[in-house]
There are 2 protein chains.
Amino acid sequence: MNASKILPGELRRHPLFGGLDDAQLAQLLETARIIHLDEGQHLFQCQQQASQFFMLRSGTIRLYLSAPDGSEKVIHLITAGETFAEAITFMEGQVYPVNASALDACEVLAFSNQTFRAILRESTDTCFRLMADMSTWLKRQLADIDALTLQNATLRFTNYLLHQVPTGAEHEATIKLGAPKHVIASRLSIQPESFSRILRNLQREGHIIAEGNLIHIKDLDTLGQTVAQPHPFKNL
Amino acid sequence: MNASKILPGELRRHPLFGGLDDAQLAQLLETARIIHLDEGQHLFQCQQQASQFFMLRSGTIRLYLSAPDGSEKVIHLITAGETFAEAITFMEGQVYPVNASALDACEVLAFSNQTFRAILRESTDTCFRLMADMSTWLKRQLADIDALTLQNATLRFTNYLLHQVPTGAEHEATIKLGAPKHVIASRLSIQPESFSRILRNLQREGHIIAEGNLIHIKDLDTLGQTVAQPHPFKNL
DNA sequence: CAAAAGGTTTAACACAGGTCAAGGTGATCG
DNA sequence: CGATCACCTTGACCTGTGTTAAACCTTTTG
């Protein structure tokens with residue numbers, strides 16, 4: 001599948017490509033490819049040589065780590081419009097540090113690292129955009145480490161929920177989980193069984209109403225505050 | 001304290017500055033400052049406006065996160081020669097995402113973000129160096145997330161130990177912990193008490209000999225393999 | 001040098017969340 | 001339309017690690 005169908009405007013909408021001129025964009029598209037993935041199919045594996053980076057057009061991609069014993073940990077869920085693996089070119093070894101597989105049917109744009117590096121060589125503006133991009137990945141990962149070490153499972157989930165709330169929501173909101181619950185659970189480093197229990201507890205305590213992959217938050221302010229302290233009345 | 005005493009060669013040894021020409025280096029040094037920190041003193045606090053990044057000349061700096069309940073998590077220990085906070089200029093908000101304090105007396109070089117950005121504008125080579133630098137931070141954090149989610153406390157510690165082993169060591173090695181044990185423990189997201197137990201267990205099982213802040217590894221190959229499976233004979 | 005302070009170790013106990021096992025529900029399929 | 005499969009839930013149990021408390025250094029300090 002070649003890239004003749006890729007629209008320049010589609011790329012320009014992404015901050016990373018927002019500063020490219022027509023010639024640079026054409027240059028990038030020349031070596032770009034469209035990749036179709038079926039559900040469950042891998043885009044790349046950990047440790048594999050990285051010659052491309054990607055932008056997801058549609059579907060959901062799961063970035064995850066595998067342990068020798070077979071257990072897995074979802075690092076990030078990519079949704080339509082996001083780029084990923086754009087920083088790998090600058091790592092020594094230039095191999096993907098995670099696995100990437102499709103959660104459902106996906107359409108992915110694949111760009112040549114080599115071509116993009118050539119463009120970066122000529123454009124400090126795009127360098128700056130990539131560095132801004134990389135810094136948001138750094139901040140995201142830092143937030144994850146914070147969550148893993150300083151928050152308990154329930155708090156990780158409520159924070160996750162609150163991050164899904166569309167801007168502008170006032171007091172309540174209904175969130176649709178973008179992936180099977182066990183995938184969200186892995187993203188939050190929680191076992192499916194624990195995730196289920198957390199959901200039940202939050203519902204029992206009146207914070208949310210969960211129905212399938214829809215979660216209704218009754219009060220945005222209460223959630224996150226009340227839940228924050230695991231044992232507010234421990235010493236009474 | 002001005003920067004008249006900063007030697008250009010000192011900076012050039014660091015990969016980040018390795019591509020700067022004399023004029024650029026002079027420009028950077030013009031707005032650089034030397035900062036002396038006493039033990040325990042803060043270099044910056046989380047959420048503080050970031051107008052500088054740093055290179056540590058001597059001593060040890062602790063980068064850490066704080067939770068509202070007062071608990072802390074050491075993210076990284078900076079040792080002499082390392083740069084840090086160099087990526088913050090590209091984050092939106094441009095505030096430090098962590099705290100930084102001195103574990104002992106430190107001498108720190110502080111560089112102006114504004115000046116460095118000006119240099120980056122003129123030098124894609126230095127952009128590439130900074131991106132390589134940022135990608136190693138990304139990979140480090142990923143390794144931490146991996147460790148936190150897919151490894152237990154003992155494994156995190158043995159992996160940490162093995163990373164401290166100087167290259168070239170054959171079968172055994174003696175590691176000197178570069179910080180108080182409770183700081184290393186926090187770096188590994190382990191409580192001091194648990195850390196102490198892990199040390200005792202590894203010693204009882206004959207893997208290491210611990211004496212103060214010195215840890216002797218009896219067999220580099222055995223450690224990391226034998227220890228890897230928590231319960232190898234669980235089902236016997 | 002006694003006292004205070006900070007770091008480390010030990011032991012007893014507690015618990016969040018992992019593990020195991022079983023059952024439910026809904027979708028897909030031959 | 002029964003069978004299979006994937007996902008989710010529930011309950012009982014287990015364990016790694018946190019917590020609490022106390023004792024033990026070692027170093028610093030008045």
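Everything quoted here is computed from the prediction, not taken from an experiment. Lettering follows sequence order; numbering is per chain, from 1.
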For A:Asp69 and C:dG18, give me the distance from atom CG to atom C1', rounded to whole Å. 13 Å

Could you state the CD-P distance from B:Gln151 to C:dG18, rounded to the nearest angstrom? 16 Å

Report the distance from atom CZ of B:Arg156 to atom P of D:dG16, rounded to the nearest whole Å. 14 Å

Figure out the NZ/P separation between A:Lys181 and D:dC7, and round it to whole Å. 13 Å

Which part of the nucleic acid, if any, lies within reach of B:Arg197 when heavy atoms closer than 4.0 Å are counted: base, sugar-phosphate only, or nothing? base

When you check the phosphate oxygens OP1 and OP2 of C:dT10, does a side-chain N or O of B:Arg200 lie under 4.0 Å from one of them? yes

Is the side chain of A:Arg156 donor-acceptor paired with the backbone N or O of A:Leu188 at a distance under 3.5 Å, no angle test? yes

How long is the line joining CG of A:Leu188 and P of C:dG17, in whole Å? 12 Å

Using the side-chain heavy atoms of B:Glu193, tell me which of these nucleotides is nearest: C:dT10, D:dT10, C:dG7. C:dT10

Taking atom types as modelled, find out whether B:Ser194 and B:Gln191 have a side-chain donor-acceptor pair closer than 3.5 angstrom. no

Mark yes or no for whether B:Arg187, through its side chain, and B:Ile75, through its backbone, hold a donor-acceptor pair below 3.5 Å. yes

Mind calculating the distance between CD (B:Gln191) and C1' (C:dA16) to the nearest angstrom? 14 Å

With respect to the side chain of B:Ser194, which nucleotide from C:dT8, C:dT9, D:dT17 is positioned closest? D:dT17

Sidechain N-carboxylate O distance under 4.0 Å for A:Lys139, A:Asp146: no

Roughly how many Å is it from CD in A:Glu211 to C1' in D:dT9, rounded to a whole number? 15 Å

Winner on side-chain proximity to A:Pro180, out of D:dG18, C:dG18, D:dC8, is D:dC8

In whole angstrom, give the distance that lies between atom CZ of B:Phe157 and atom C1' of D:dG16. 17 Å

Check the side chains of B:His216 and B:Thr174 for a donor-acceptor pair under 3.5 angstrom, ignoring hydrogens and angles. yes

Among the candidates D:dC7, C:dT8, D:dT17, find the nucleotide nearest to the side-chain atoms of B:Asn152. D:dT17

